[in-house]
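What's counted below: heavy atoms across the whole structure, side chains too, no hydrogens, waters or symmetry copies. Naming: A, B, ... by sequence-line order, numbering from 1 per chain.
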Amino acid sequence: WALGPGEKEAAVDYLLQYGYLQKPLEGPDDLRPEDIIEALRAFQEASELPVSGQLDDATRARMRQPRCGLEDPFNQKTHK
Amino acid sequence: YLLLGRWRKKHLTFRILNLPSTLPSYTARAALLQAFQYWSNVAPLTFREVKAGWADIRLSFHGRQSPYCSNAFDGPGRVLAHADIPELGSVHFDEDELWTEETYRGVNLRIIAAHELGHALGLGHSRYTQALMAPVYAGYRPHFKLHPDDVAGIQALYGKKSPEIEDEEEETELPTVPQVPTEPSPMPDPCSGEVDAMMLGPRGKTYAFKGNYVWTVTDSGLGPLFQVSALWEGLPGNLDAAVYSPRTQWIHFFKGDKVWRYVNFKMSPGFPKKLNRVEPNLDAALYWPLNKKVFLFKGSGYWQWDELAQTDFSRYPKPTKGLFTGVPDQPSGAMSWRDGRVYFFKGKQYWRLNRQLRVEKGYPRDIAHNWMHCRPQTPDTTPSDGDTTSSATGTTLDTTSLAIDITLNTDRSARDTILDITPSATA
């Protein structure tokens with residue numbers, strides 16, 4: 001996807017902030033692409049968006065919606 | 001729903017530490033109080049406000065910096081608020097948001113507060129995007145109510161609300177003293193649209209008076225009809241006017257050449273008194289928050305009264321139309337409402353005035369349809385700006401499922417507001 005500067009980082013920050021993605025406790029900071037895709041799919045499903053695993057326009061728009069600051073428990077893996 | 005924790009007790013105190021600058025304070029307070037009521041309506045919880053000292057739940061507004069919250073906010077948009085789970089009790093709102101009420105603009109404080117209180121009571125985010133506990137704000141809804149998932153979640157934590165297990169000390173008996181001898185009169189039909197008086201009372205409740213009866217008007221419907229004297233002992237029916245002043249907490253009722261004063265539902269000593277400095281048989285009364293004065297109306301004139309000072313009435317009455325542009329003579333009711341506007345009522349119609357006290361375009365409109373939630377008898381002309389009033393429209397009055405939601409604070413000072421709603425019962 002043609003992403004603007006920083007859009008990918010902003011999306012990863014969103015997924016981390018709201019509990020869709022967990023920084024590996026022991027590993028290095030960089031996250032595995034498959035984890036990011038899984039987190040994105042969890043967010044899209046919880047948001048009733050097409051579950052593409054891609055950072056498409058609808059997903060980015062949804063991430064800009066005003067919301068509560070608490071985490072979402074919608075990615076079973078991180079939620080555990 | 002998701003359960004994150006719960007309080008070991010069900011009777012909680014709360015304290016409002018500060019308010020947003022984008023709303024009149026009594027509008028913001030009413031929104032926060034209503035947010036508590038959504039939860040106390042469906043679970044055996046009570047919330048008592050304290051104005052000083054410690055409270056279980058503490059509501060406050062802060063921005064990008066805060067001396068007591070490590071979780072800074074991010075300016076307008078994005079994160080609107082956050083809250084701690086039980087039994088911590090902090091509820092914080094982003095002071096940089098445009099907090100509003102009764103409009104699609106900005107962010108509705110009442111709905112967001114209800115969401116954050118859901119967290120403070122132990123709920124996590126819901127997967128239902130239309131549920132109150134969904135993480136993303138779904139916008140202002142004029143007839144907002146909890147989603148079944150919200151109700152199921154809170155009842156999973158605290159049980160269902162049921163009248164028979166209401167705690168004794170919370171029991172609020174209706175007054176047992178013999179009521180004022182009132183001539184038996186037929187119960188009025190709110191859908192007639194006609195009222196003797198309208199009042200924005202304590203805790204932002206809207207009261208309509210007709211004959212010997214009074215009922216509350218809310219966004220989601222009408223409260224049950226009560227005999228006036230069942231709530232305000234000693235008060236007769238067929239009132240001329242009613243007005244509540246947030247400045248003094250006094251409620252004044254006018255009838256004929258007498259005036260009654262109450263604080264909540266308790267009559268003040270020495271009342272009723274004789275009206276001697278203004279004319280008897282008034283038509284209406286309202287409190288105007290901008291100058292904190294009470295206005296009394298009769299015929300085409302008004303008196304402006306400072307409750308706490310000796311008012312010189314020698315130059316009154318003055319012509320009503322000189323100050324309230326476009327309103328009718330001999331109104332049946334008048335009030336300043338939660339939305340910051342002034343309303344006049346007469347016959348079956350009402351007029352809405354803007355902050356310059358000038359009747360807005362598209363008025364008068366139909367009381368029964370726009371205030372009393374009755375199905376329109378005739379096609380209603382919505383004003384050209386399309387703005388409908390705050391109350392629900394288009395629903396027929398359903399008297400079968402009304403719950404009694406009168407808060408009776410008989411022996412508590414006005415300071416402690418008990419938001420315990422008496423259980424539903426046959427009206």
B:V79 and A:Q17: CA distance, side-chain angles, deciding distance, side-chain contact (heavy atoms from CB on, under 4.5 Å) verdict
CA-CA 11 Å; B:V79 179; A:Q17 180 175 356; 4.0 Å; yes
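- Between B:V136 and A:R67 the shortest heavy-atom distance is CA-CB, 3.9 Å.
- Separating the NE2 atom in B:H125 from the SG atom in A:C68 is a distance of 3.5 Å, to the nearest 0.5 Å.
- The choice from B:G124, B:P76, B:A83 that makes the most heavy-atom pairs within less than 4.5 Å of chain A is B:A83.
- Within a 6.0 Å radius of OH in B:Y128, other residues, nucleotides and ligands contribute 12 heavy atoms or fewer.
- Heavy atoms of B:E116 lying under 4.5 Å from chain A belong exclusively to its side chain.
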Do B:R78 and A:M63 pass the side-chain contact (heavy atoms from CB on, under 4.5 Å) test, and can you show the C-alpha distance, the side-chain angles, and the key distance before you say yes or no?
CA-CA 8 Å; B:R78 289 214 297 253; A:M63 287 180 170; over 6 Å; no
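- By the 6.0 Å contact criterion, CD on B:Q65 is open, its count of non-hydrogen atoms from other residues, nucleotides or ligands being 12 or less.
- Annotation: side chain of B:R127 is not in contact with side chain of A:E48 (no heavy-atom distance under 4.5 Å).
- Between atom OG1 of residue B:T129 and atom CG of residue A:L49 there is a gap of 10.0 Å, rounded to the nearest 0.5 Å.
- Going from atom CD1 of B:I85 over to atom CG of A:L70 covers 8.0 Å, rounded to the nearest 0.5 Å.
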